[in-house]
Student: 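The structure's right below; bear with me while I get my questions together.
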Amino acid sequence: DMKVTQMPRYLIKRMGENVLLECGQDMSHETMYWYRQDPGLGLQLIYISYDVDSNSEGDIPKGYRVSRKKREHFSLILDSAKTNQTSVYFCASRRDSSGNTLYFGEGSRLIVV
Amino acid sequence: TQTVSQSDAHVTVFEGDSVELRCNYSYGGSIYLSWYIQHHGHGLQFLLKYYSGNPVVQGVNGFEAEFSKSDSSFHLRKASVHWSDSAVYFCAVSASSNNRIFFGDGTQLVVKP
């Protein structure tokens, strides 16, 4: 069953707190992504991971870091959350022989107050 | 760098109507083009893609898209829409040589009964 699972789905944090968003996939895909989605801004790429411990910054990496210690698991970390990081975060994985066919999770809605 | 432009932010049609959602891209090399659908509160789901061959590609649920190199376009069409087609549609482009995938800002399709 091809699935990308994100946890938690909803999260409220205070400014300055740490945030951990987790993503898992059961397809052994090498490449995984973290995007954020804000109204009027579409999808913005935060980080790409090409495999375990092989990560690359996307377009808006500031304020975020990632961890990929197992192929099936890719985490997004906010070490000191800011109110402008309130957003919906999407994880995706890619079947590498498929061009740009991405499998997305259901999203994690983060509110920073 | 690839760019993707979806000229219509909102499209409203009636059930049974045909619809075309427009996508234009800019890139000179070999690319993958895709369309994704996002229902409210969910992640994106792959609809269809084009890389080479027949410029008209078929997707799920009666959707098709046509690639035009001369117009740098990849418009999505459906002959007869259903209320359940109401969603946001994203066009995406990526170069065949790398893992970066660029999304348009999305088109909100509303299908009225």
Side-chain angles (χ1 to χ4, degrees), chain A residues 2-7 9-10 21 23-25 27 29-51 54-61 66 68 74 87-109, chain B residues 1-10 21 23-25 27 29-53 57-60 63 65 67 74 87-108:
Chain A
M2 297 184 291
K3 195 170 175 130
V4 176
T5 303
Q6 290 186 234
M7 292 291 289
R9 292 292 314 279
Y10 303 94
L21 302 181
C23 175
Q25 49 104 354
M27 299 166 278
H29 289 170
E30 292 179 349
T31 309
M32 296 184 73
Y33 304 77
W34 275 106
Y35 290 90
R36 64 177 281 177
Q37 185 178 38
D38 302 287
L41 293 179
L43 286 160
Q44 298 178 85
L45 178 64
I46 306 172
Y47 268 94
I48 304 175
S49 175
Y50 299 102
D51 210 332
S54 178
N55 307 315
S56 179
E57 293 180 347
D59 298 320
I60 54 162
V66 291
R68 191 153 179 217
F74 188 35
S87 187
V88 182
Y89 292 87
F90 287 99
C91 174
S93 71
R94 191 186 82 154
R95 186 159 58 103
D96 292 291
S97 60
S98 68
N100 61 355
T101 303
L102 297 186
Y103 295 83
F104 281 84
E106 290 286 85
S108 294
R109 179 176 293 276
Chain B
T1 302
Q2 303 96 319
T3 63
V4 186
S5 171
Q6 294 181 244
S7 54
D8 299 313
H10 299 274
L21 306 182
C23 173
N24 290 88
Y25 66 91
Y27 186 70
S30 178
I31 58 172
Y32 292 96
L33 291 156
S34 293
W35 278 96
Y36 289 79
I37 180 173
Q38 184 181 31
H39 290 285
H40 183 69
H42 294 276
L44 281 70
Q45 287 180 281
F46 172 78
L47 269 181
L48 49 75
K49 72 176 177 187
Y50 172 82
Y51 177 61
S52 64
V57 291
Q58 305 295 323
V60 297
F63 285 97
F67 167 71
F74 188 56
V88 181
Y89 292 79
F90 290 92
C91 182
V93 61
S94 65
S96 58
S97 56
N98 69 56
N99 292 302
R100 295 291 302 268
I101 298 171
F102 297 88
F103 289 86
D105 289 339
T107 297
Q108 170 92 55

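Order of the sequence lines sets the chain letters (A, B, ...), proteins ahead of strands, with each chain counted from 1. Quantities reported herein were computed from a predicted structural model and do not represent experimental measurements.
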Student: With sequence neighbours excluded, what pairs up with D59(A) under the side chain to side chain contact (heavy atoms under 4.5 Å, CB included) test?
Tutor: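 Scan of D59(A) (side chain to side chain contact (heavy atoms under 4.5 Å, CB included), adjacent residues dropped) gives L45(A), R100(B).
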Student: Please state whether the side chain, the backbone, both or neither of Q6(B) comes within less than 4.5 Å of a heavy atom of chain A.
Tutor: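 Neither part, no heavy atoms under 4.5 Å.
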Student: If every non-hydrogen atom of F103(B) is compared with every non-hydrogen atom of L102(A), which pair is closest and at what distance?
Tutor: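 For F103(B) versus L102(A), the nearest heavy atoms are CZ-CD1, 3.9 Å.
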Student: Go through the atoms of R9(A) and report whether side chain, backbone, both or neither lie under 4.5 Å from a heavy atom of chain B.
Tutor: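 Interface part for R9(A): side chain.
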Student: Taking atom CD of Q45(B) and atom OH of Y103(A), what is their separation to the nearest 0.5 Å?
Tutor: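 Separation between the atoms: 11.5 Å.
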Student: Looking at every heavy atom in both F90(B) and Q37(A), which two are closest together, and how far apart are they?
Tutor: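 Looks like CZ-NE2, 3.3 Å.
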Student: Please report the shortest heavy-atom distance between N99(B) and I48(A), naming the atom on each side.
Tutor: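 Residues N99(B) and I48(A), closest heavy atoms: O-CD1, 4.4 Å.
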Student: When you measure from the side chain of E106(A) to the backbone N and O of G43(B), does any donor-acceptor pair fall under 3.5 Å?
Tutor: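 Indeed, once roles are kept as given, a pair shorter than 3.5 Å links the two residues.
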Student: Would you sort out whether L44(B) and Y35(A) count as a side-chain contact (heavy atoms from CB on, under 4.5 Å), showing the intermediate values?
Tutor: CA-CA 11 Å; L44(B) 281 70; Y35(A) 290 90; over 6 Å; no
Student: Quick check: closest heavy atoms across I101(B) and Y33(A), and the distance to 0.1 Å?
Tutor: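 Shortest heavy-atom contact: CD1-OH, 3.7 Å.
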